[in-house]
Structure formats: structure tokens, C-alpha cells
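To start, the structure under review is shown below, and the notes come after it.
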Amino acid sequence: MSVELDVFVGNTTIMDKEVYQLWLNGYTVNDAVTLRIEGGVMEECEVLLSDTMDQYRTFQMCERLLHHPAKLANQLLFQIPPDRQAMLIERYYAFDDLFVREVLGKKLSKGTKKDLDDVSSKTGVMLKSCRRQFDNFKRVFKVVEELKGPLVENIRQHFLLPDQLARDYAAIVFFANNRFETGKKKLLYLTFQDFAFCAGQLINNWTLGAVDNMMEDMDVDLDKEFLQDLKDLKILITDKDLLDQHKSLVCTALRGKTNVLNEMEANFKNLSRGLVNIAAKLINAKDVRDFFIDLVEKFIEPCRSDKWTSVDVNLYLTHYTNSAHILDTFKHHSVWTRYMGVIKSCILKMYHE
Amino acid sequence: MPGKLKAKIVAGRHLPVMDRASDLTDAFVEVKFGNVTFKTDVYPKSLNPQWNSEWFKFEVDDEDLQDEPLQITVLDHDTYSANDAIGKVYIDIDPLLCSEAATVISGWLPIYDTIHGIRGEINVLVKVDLFNDLNRFRQSSCGVKFFCTTSIPRCYRAVMIHGFVEELVVNEDPEYQWIDRIRTPRASNEARQRLIFLMSGELQRKIGLKVLEMGGNAVVGYLQCFDLEGESGLVVRAIGTACTLEKISTLPATATLPSNSSPSKDIKEPVFGEEGPGVPLSSGPPTPLRAQTFSSFSPSKSYSRQSSSSDTELSLTPKTARIFLSPSTPALESESSSLPSVHLPHHFRPGMASWSSTPPPLHVSQSDTAMLRKSVSFSEELLLAASGMGSGGSAGKEAGPLKALLRQQTQSALEQREYPFFTLTSFPPGFLLHLGGVVSARSVKLLDRIHNPDEPETRDAWWEEIRQEIKSHTKALGCHAVVGYSESTSICEEVCILSASGTAAILSSRFMQDGPLETDHRLSRQPLVFSTGSERVDGDMGSTASLGFEEMVPPGCEFCHIPYDELNIPFPAQLTYCCCCRRYKVPDVLFTTIDLPTEANITGKGCLIQARLCRTKKKAQGEGNAMAISNLLPFLEYELHTQLMNKLKLRGMNALFGLRIQISVGETMLLGLASATGVYLTALPSPGGIQVSGKTPSDITYEQHISNMQKKINDTIAKNKEVYEINPPEVVEEIIGSPIPEPRQRSRLFRSHSESSDEVSEIDLSHGKKDAFVLEIDDTDAVEDIHALLTDSPTPAGFYSCNTEIMPGIQNWTSAIQMFTSVRVFRLNNVNLTNQGLNKVFSDLCENLLKSLYFKLRSLVPCCLCHLNFTVAIPEDELIQVAVTAVAMSFDKELTLENGKQSGDKSLKKENDEQLQFNLELNAEMSSSNLSSPKGLTEVGSHPSAKDRCSSWIEQLRLKAHTIRRGSVKTTSSLEKASPLPEGRSRSLRSNRSYSGSSVAVVRMTPLSFIPGAKIIKYLGIINMFFIRETTSLKEEGGVSGFLHTFIAEVFAMVRAHVAALGGNAVVSYSMKECVFMENPNKNQAQCLINVSGDAVIFVRESEVEAASVHPQSAATQTSNGEGT
């Protein structure tokens, strides 16, 4: 004796948030039932099984709609209250920070997808869930890639995501597009949120869309012209006078405000060279990829070994940026501001004491 | 040539990819009606084509308009090969044929394919220009309104209830024609769908004709069923109750007319209509007779007519009317001279007679009533009278052929009185006088091929037999009418069980006799009622109750009083004096098929009670099989009855409402499922407990076992009484029989066996002495019974359930409703099951299903599952299928009042006041809303009732997506609020429908006739849809469950879309009448047929009606602001 068929269809589609999460997390029906019993919703296995299967079926039917969230609002098959729709979308597009950290900056290709089982075992996120998240990244990437206009706004509109989530996706898309290296050992201490913040800075300041709100602006790529201009900053390290002048200005300003003044003074030339070299090289796509590793190697690590505090770093960078404007022969003020503004906030975010 | 059908194909969206190469589709559309087909251009390479076609015009007979659906086929153009069909949409034109229903069909409708399901949507516009046909030999019946609702629809009042109408049409089933062997499954399914559309159209038209003949203008409680008889054909049959309905005008006289103080206002109070069909307050249904002899002159009538111009109100034919009109009219005109149209003859309402200052009519009326008193002593005269009147009434519209018709109609009325049946299940208070009990009849028939589809005589004769039997049972119970009447079939191979059941009743003859007195009473009451401000009365039962004639009716117990002669009881029953009035005798238990009358006095709450039974049967063929089944039937019914009785006692209740016994036949078994809602009627005596007694009380352990069981039972009864809050006021009564259970008083069951062996007759509720309900454990059967009794798992806390419209004892519904359908199929792998084993399996199946439902709906707690409608079937040898459709409604726990009636009164008065205000403001609002084509986006700002999260989310989502979301809950309803006039409303709706409009209107669905917290303002027509879905890739679609899940969701979606296209926002009285599921897992195939029906309506939230009346202006300005989105 067995139940051959068992369905429940409501005029308003009934969806249990808890079961939805289990489904998203990639649990099988049976695992989900076990978890639910442990959760204490109900002890009768039969009832739970029936309910879980039903919900899973519903989610599966909804899934193709969730791939195009705008469709969810004007499809006729399921009558879902708007707040539920928003919940479904938000959770479907939510991702595990651990997982995203693994694929951040990687090419969203079939090859990467094949390696997801490794990622799964490494992060403890179920493979099914990894695939969903990966496909989400890829889908968002594909849609946004071709679109004009501000990246975050595009994502928010096309996928009806809440603001924060849209920003995160923008970061993921941005990283994937520019293929930033994030997997090196030295970078492992950084969280996804650190990178997401940096991506936001880069998108807001270094892309074409940042300066120019016109139709053709693209948020995904860095502003080539700007990268070109960055080469001019080299003068700060190539011109010996300028370098010395810069150093003395910074050190004077810092006097009495920090405990690591000596180290700052000693390291000034190294650090300055590091930062300006990063700027000058950004015109090469390959060096763009190494942007974060360069920041860590050329700036963060030296400071950390000298036991600077975040306050010190902040102080140093502030004066380092400002002093350059006082230099007589330095002409590239706007480029410098645009560059250092991002560098400063990125470094501060990435500087974990 | 009385009709022009116009259709325009606007656009498509979400079309499937038909061309793999380009991932696009070259779509075009064929629009077909009858034999005429139009085509749109091909819209190349798009999944969202914009055809924006011209208007395709079909000039057709109204007969065809009624029969045929508009068929829209979407195809993919292919240059080299045949064009591929994407899918079809069938549109039922019927709602457009009635002036009071929808005016246009416009919206996104799912494109449906029987193999692939829904494949995108199409936006269409459909209109009908109808020219009135005055031909008396016409075959069409346009304009007759159909309602699935089994009570008088909410915004109507019944002027007259004419009685029973039935019809059936037969045809060959395309699935069984020879051609089916060579055509594709798709073609075969489509042929079937189309045929059934045609047949139900034809059926509806024919029923409409009968209604017109009887003089009615509507069918209420319309129940249409399909019998898929396989080889022998396809039968579509329908029953209903013909009525003359009158729309309750939405504008009270005070709002529109200057003559506030004129006496016309008193008349305006719908003295009569409010009482609804039964006209209980006055001299019963005498209306017709009087109306014929002298006509009305009520100015009030003209008012309401003016105000709701779309009404197809009955007006009396001048021939009969004028004679008396002439004297009275001038007098009236002088009184309310502001009305130019007063002198139109109108049909009459008795109350006016006495009011009138013109002596002759008054006189006539009285003598008439006197005559009536004599004649209406029996319901059949009543009905005759009724149809007589009706014919006069309806003739007003097509005055020409009236006389000839009249004669015919009288005749047909005579025929009609054969069946004083009513498919209604709830009635205006006072209409039901006494209830006798359930009457039912069954008959087992062998199907044979229907040779001539035009002469469906055999099927007609079968039903005739059954109805006659019902009638004779009714007589035996001393009753003259059957209410809550329904018919059903169960077919297995060539055997068919026909069943009919209803409740024997006596209808308001008492009021007829009290006629003149009544009139006096009314006169004195009028000012009073007026002062309460409730001029406007809706068809709502509650409202009628509030108008307070309790003073004449004993407090809600009258219907319990026995209709039969006490000394000549048709079956052994235990009678006591009524616990309410102590004057009349009542039975100890009452079983009925109707809803609990609103005036009924009950104690505590009700609950769902089910009796389930499974009986094995030997496989047999033909005659022998039929014989075997008919031999089994009596036992089945007997046991179901015993189970019901036991379970009723176990819950400490004494009456069942909404009883529905379903017997389903399979090859090797019979299933019986009886569902009802148990209540404790205060008028009936308190039920005694159940006493268990052993037959051979020799063994000590045996005794102990029994006493254990007894204790368990007693505990359960005590617990149930607590759960259902049954604590009847202890009354000192003349006790007949001792309160201590008398042993050996086994319940008896009355069954009148007719001679023919293939028929089984009524079950009746009767059993032994009052307090003595004894279960003898003398065999295993009884042990099983008790086990079954005790294993019913209790409803979880916070849940109630019933299978009637409303849960007795709960009033405070919130607006949260959730309609659902659940289907389970159970496979019995073990062939050698005993009856007991089968019983247990079946019972567990139902119990588990209920448990699942409670679990699913736990978020709605406290809530009640209403109208829990179980349907059982045996689709295959070892399969049992159970389908449930019901609605979960949550209620306010704190406010679950015992004195619900009083609160009901208050809220009603309040509501009426609101209504009045609302209408007063209407003019101002109308003008502004007309100007600004309201988009109704009131939720944006100041609308204070936009408090729910829903609307705020809509806002958010809209901001995010920049898409239009016109059809949120909030917006749709505020839209209605903005322009309550039907015409204006639909126009504005249409103008709002932008083609790109990516919005889905929320459509509520409920099997009930109402929506809690809302007011139905318009009925848009009947929804009656039939779909077939088939798959040859069952596994890929998620197995049987996945397949059916999708299909049911698709059916819901299509119902919602069609309702929204009609301009509606809800379906009431929704039911899934057929769900035939067949599978062949080995071939990876499955097929399913679903038939659903309901009434499409527009409702407005009561809170919004209020809001509208307070801030009509601001709402209007807001709506214009919202235009831009």
C-alpha cells in the first residue's frame, strides 16, 4: 500500500520559508524531513514528507521563473503575494560568503563550474547549492555585461534584488570581468565583504561611469583614459627632488601624531614607490589582475610588519595624499585624488591589524 | 441575426521558442467562431509579439453565441512545413450576453495546449453587440443569469423562486470515435474540450429557455455535471433553481432624489425583496397573483430602476397592468413630481397594496390574499402561481407574443410542479418552515450506447424515476418540497449508479396564511426600519435577520419542529417538546443536506463529521454486476448512517447539516463517504451518550474490555463537548424516557424499499429512544465500528472544520482566505484485503489527508476549513482517489462571540450606514473619476488602509523593477472603489489595460458564496471550464504528482485569468466537479480531465467602502496622480 500521488495546490501559493531554505541549501527531501523533525515543527514523518515533497515541487516549478525575477511578477501560474515574491527572489540570489570567496575573480566558465565539487567539499556548501550560486553569478554577469548604465542599478532592476545584494552582485560581476586575483595565499585573510567594498570603490571612482553619467557609460570596465593618465604619476618617484620634498612634507605633518613615525620615515620611499608603481602599471590588464596582491605586498605587509595601527595607516595615507598637492612641480592633482581616494579606502578596508 | 461578436488580438508574451535555430517564434493567431475563421498577420521573430489586430467581426445568431466558445489558436508560422500550433484559448462568450454581467473581456489569458500546458499568454479584447430578439420561437435564452451559488446571490433579491429546472444533453465521446485511432492525442483532446464547451453552452441555453418559460430571469444553484460514460457516450446534465431576481439598487433613494420626505421613501425600503425568495413576511408567494390582477405603481421601483439602469428588471406587461395603474399613477405623480418616469408600469410588491391610498387595488389585494390562503396550502399551487406570475413579469420585455406564451407557460408550470425541488442550500429566514430530514434515492443502471444524441430519453427517464422516488419519500415525511437537492453519478465500466438527495421540507405556508395580518405589521414597522437607516438591504441573510421579525418567529427553532403527523410518524423516531419554545415536537436528531439556517439557535461550535466505508465486491459483468452492486448498496448506506450517528453522538451533537453521501463504484469494491457538519441545535434534545454492551457478558476480561471502552467513549464525549463548547442550558423538561441509557435499544434505520431491486431509497434519521444509544459488541463489526469511532484523530488546536458554507458558532472572519485543492491517490497493493482492512486504509487515507491540510495551513491559525468537499473515486482496480477542495479562513479568536447575532446586527446597521454615506458621495466622485480614468493607485500615499505589508512591497518592487504592477490587492480594489458604477468601472479598467502592462491582478477563489470582510458588488457571469491535459513524458514532468500539481496550478491560473479578463477580482462558489486522472507509468503517460465552475464577481473590501465614503475626493485625485506609472 502506498501513496501514489499526493498534491496540494493553493490559490495563493503556500511556501514555507524554512523548507525553501532547506531546498536552496541543497538538501534532499529525506534530509529535509529529518531536519524538520529535529527542528520540532511536527513529529509525524508522513505529514512532513508529504508537505516537503509538495513544497520542493513548487520550488522546482518556480525555479525557471526565478531565473528571470521580473517574470515572477507577471506570470499567471502561481499567485504569490508580492512580499513572498521578494522573499523568494532575495533568498534565491543570496549566496554563501565562503563560497563566493572561492570563485571571486575567476572566470565564470564551464571549467570553473566543473571544479565546483572541490569548492563544495572545501567550503562545506552543498554541491547543489554551489551550482545554484554559480549559475546565479553567471546569469547576472551575462545579463549585465551587455547593458549600459550604472551596474548596481542594472542588477537591481533586472533581478529585483535589494540594494545590498545588488551591490554584492555588482562586485562579483566586476571581479569576474576584470579577473582580479583573490585566491593567492597572501590574500586569503580577506573576506568577501572586504573585496566587495573595494569593488564598490573601484566601480564608483575608476570606471567610465564614475566620471561620466552619459548613456554609453559602462561600469564593468575601468576607465582606460584614467589608467593612461596614471602613468603621469610616476614623476612622484622618478623625480628625486619631488620624492624628497614629498617625504619631508608628510613627515612634518605627521610629527607628534603617531608612535611609528620613525618607521614611516624609513619606509616612505619604498611605500611611495610601491603605490605609484601600482598606478603606473594598471594600464596593463595583467597588472590589473594583481591589483590586490600588489597592494598587500607593496603596502599592507610592510606596514603590518612595522606594527602600524589602522589609525596610523589612515593618518599616513591622508597626509601622503594631501601633501602631493602642495608640491610645486606636481601638476596631476585630479588624477592623484581619483587614484589615492580609492587606494586609501581600499587599504584601510584591507588592513586587518 | 441578433448578435455581432467582435474580437481583437492585441499581443502575446512569454511565448515558447518554436524555432530552435533563432530561439524565437514567428507567431500568428487564428480566431474562430462557429465556422468563420480570421487570421492575424505573422509577427516575425519575437516571443512577445504585438499583433494589434483589427477588430474581427462575427455576425451570428444568439443561439450560436450561447452555444459556441470563441476559439483562439496561436500558431508558429513555418514557410516550408505545416504551421505548428502553440496553443489555444477558449473564451466563453456567455457573460457578455447578459446586460448585468460583464461588458467586455479584456486581458492576458494563458495559451493552453493539452500536451504542453500553459505556453505563454495572449492579450485579447472581446465584445458583443446584441440586438434583442423578439421572436417568440427563438431558441436562445440570452440574458438569463446563471449562478453556481446555492443561495440568493449577495447583491440580488429574489422576487420569486420558480422552482426546479433540469436538462441533459448527450453526445458521442470523441475519445471513443473510430477517428481517434488515427488522430494525435492533441487533436483528440481538443475535440473533446471543444465538444464539452459546446455541450455545456447548449445545455445552459436550453435551461435558460426553460427559465424564461417559467417566467424567471436567473438560475441559482446551477449544478452542471459530466458523465463520461466511455463507449456509450458523454452526458452533460444540469439542474438548478429558476428564480426571478432583482438587483438591489446601489443607490438609495435619499442619495439621488430630492424628495427625501416623500412617502415614496418608505416604499423604497425594500419591504418585500428583503425577505427574499420566500416572501416570508407577507402572504407568502402571493405576489404573482396579485401582481397580475392589479399592478404596482410604486414610485420607489422607478427610483431603483433609474439608479441601476442596467437591470433587466421585470416589468409587468401593460396588458394586465394598465387597468389598475391608471387610477393610482396620477396620485403618485403628484406626490413625487420630480420623477418623470414614475408612470412606467412595474411589477408589484405586496407591501404597497396596503400603503396605497387608492382603494380599489387595496381591496383586490385583500380578496386576493384570501383566495391565496386557500390555494397555497400546498406548495405545488405555490409554484404554479409562481410561474404564472413570472411569465407575466418577463413578458414586459417582449410584449408581443405574450399571450400565447402565457398559456404555454401555465402548462409547463403544471409540469414543473412534478418536482418541487430546490437546489439552494440556504434560504432567507422564515422561508423554511420545517425540515423533515434527508431523502435520497439511488439506482443502478447498465449503460448502453446512446443511439440518437438528439433524443436522450433513456437518461431522462432514469432521472425522472429517481426524482419521482425522492418526491414520494418527501410526501412520506409529510413535506411538500425538497431543498438542498443535488444529483450525482458514479460510473465504472458499464455500470452507473445514479444518486439524488435532498432535504424534505415545508416552506413558508404559515406566512401565506398570516398574510393580511402581516401587512399590518409591516405598516407599523416601516418607519422604524427607516429610522435605522437601512433602506438598502442586500440579499445577505444576515441583514434580513437584523430587520427583526423575531417577534413573530419563535427563536430559531421553528424549522426543527416535525413536519409530519405526530401520531402517524413515518418512521420510528423519538419526539420531545422543542427545547426552545416547548410548544412543538422535535425529533431527537436532524439530518439535512442544507446549510445551517441563519436563524438557527445553536450551542457551541460545529465540526466536520465523516463516515467512511469500503466494501469489497466480486468482479462481475453486466447484469450480474449491477445486481451485486444494488444488493450491496443498502448495507453500505446503513453502515454509513450508523457511523455518522455514532460519530455525532461521540461529539455530543444532535444535528447534521450539509450531509453529502458519495458512493463510488469500482470493479472490486464500493466506496462510501458521507460528510456533514455536526452541530448542537439548541431546540433538539441533548443527545445521550453511547453505551457499549456485550452480548455475552460471561467472561470477566471481556467485561473489563467493555468497561474500558465505555470509559474511553465517555471521556471522548466529555472532551469533545469541551472542545466544541457544547454546554447547553440545562432545561427542566418533561422527560420522555429515562436519561439513563436503556440497554438493548439498538438504533434503527428506516428504509423504504421500493419494489425494484435496483433501487435503494431514503436513509432516514431515526433511531431508538432518546438517551439510549447502545452499541452492542456482538461481532467483530461492532468492534471495528468502535475502533473507527475512537481512532478519528482530533482536530489540532486552533482549527475547526466543516463542509458547510459557514462554520456554526464562528462569526469574526478576517479577510485572510486560502482556497486549495488537494488530491491523493492511494494504491492498494495487497489484493486480499478484508472489508475491515479496506475500511481502515480508506479511513486512514482521509484522516492523513486532513492532518496534512491542518499542517499546511498552520500559519492561518486560528482558522476554519470551510466547505471541505471530499470527492472519492476508484480510477483503477487498486487505486483510491480522494480530492478535496476547501477554503481556510482565519478568524479573530477574541471576538468569537457567543451572541454573534447581536454583533451581526450592529455591524450590519453600521454597514448600511456606510453604504448610505458612500452613495451620497458618489456623484462627486463619479465625475472626477470619469475625468481621470482612475488608475487607482491609492496605496501610494494617504490611503490609510494601505497598512499591510503587501502594498508597501508592491511599491518597493515597482521602484526596483520599473514595471507596472497595477493588479495588486490594493490597487484593484481601490480601483473598484473609485468608480462603483458598473459601466464606468469596466471602462476604466479597460483603459488601464496597457498592452505592455506586466501586472497580474490578484483573484481570490473560494468555494463559499461570499468573501469575508468584503462586499460583492457585481456578478460577472458563470465560469465553467473544462480542461484535458496529457503527457507522454511523465517522468520528465516530475511523475504523477508533478504532472497533476502543474495541471491544477494551470487550471487555477486559467480560471483567475478569465475572471480578471471579465473585470472581476474573485470567484465565489468555486468547485472542482470533476478530476479524472488516468496514468500508465509503463508507457510514461498520464491524462487528466478537470472541470471547474464558479461565479466571477467583483468585490470591494468593506473597509474600503468606508474609506471611499469618507475621502472620495482625495481618492479620486490620487487615482489621477497614479496615472503615470
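Just so we're on the same page: letters track the sequence lines, and every chain starts at 1.
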Notebook entry, point to check: In this structure, which one of B/T821, B/T1046, B/L1044, B/V1040 forms a side chain to side chain contact (heavy atoms under 4.5 Å, CB included) with A/V7?
Noted result: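 It is B/L1044, the one option of B/T821, B/T1046, B/L1044, B/V1040 that forms the side chain to side chain contact (heavy atoms under 4.5 Å, CB included) with A/V7.
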Sidechain-backbone polar pair: [X] side chain, [Y] backbone, donor-acceptor under 3.5 Å:
X	Y	result
B/S1041	A/L5	no
B/R1056	A/L77	yes
A/T12	B/Q818	no
A/Q79	B/V1002	no

Check: How close do A/D16 and B/R858 get, heavy atom to heavy atom, and via which atoms?
Finding: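 So the two residues come closest at OD2-NH2, 2.7 Å.
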Margin query: For a quick test of reading the model, state the closest non-hydrogen atom pair linking A/T58 to B/H1045 and the distance between them.
Written below: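 For A/T58 and B/H1045, the tightest heavy-atom pair comes out as OG1-CE1, 3.4 Å.
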Next item on the list: For chain B, find which of A/V41, A/V47, A/L48 contributes the most heavy-atom pairs closer than 4.5 angstrom.
Entry: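 Looking at each of A/V41, A/V47, A/L48 in turn, A/V47 comes out on top.
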Can you measure from [atom1] ([X]) to [atom2] ([Y]) and round to the nearest 0.5 angstrom?
X	Y	atom1	atom2	value
B/L828	A/E4	CG	CD	10.5 Å
A/T13	B/F1052	OG1	CZ	9.5 Å
B/S852	A/E44	OG	CD	9.0 Å

Notebook entry, point to check: Does any heavy atom of chain A fall under 4.5 Å from the side chain of B/A1049, the backbone, both, or neither of them?
Noted result: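 For B/A1049, heavy atoms of backbone and side chain both lie under 4.5 Å from chain A.
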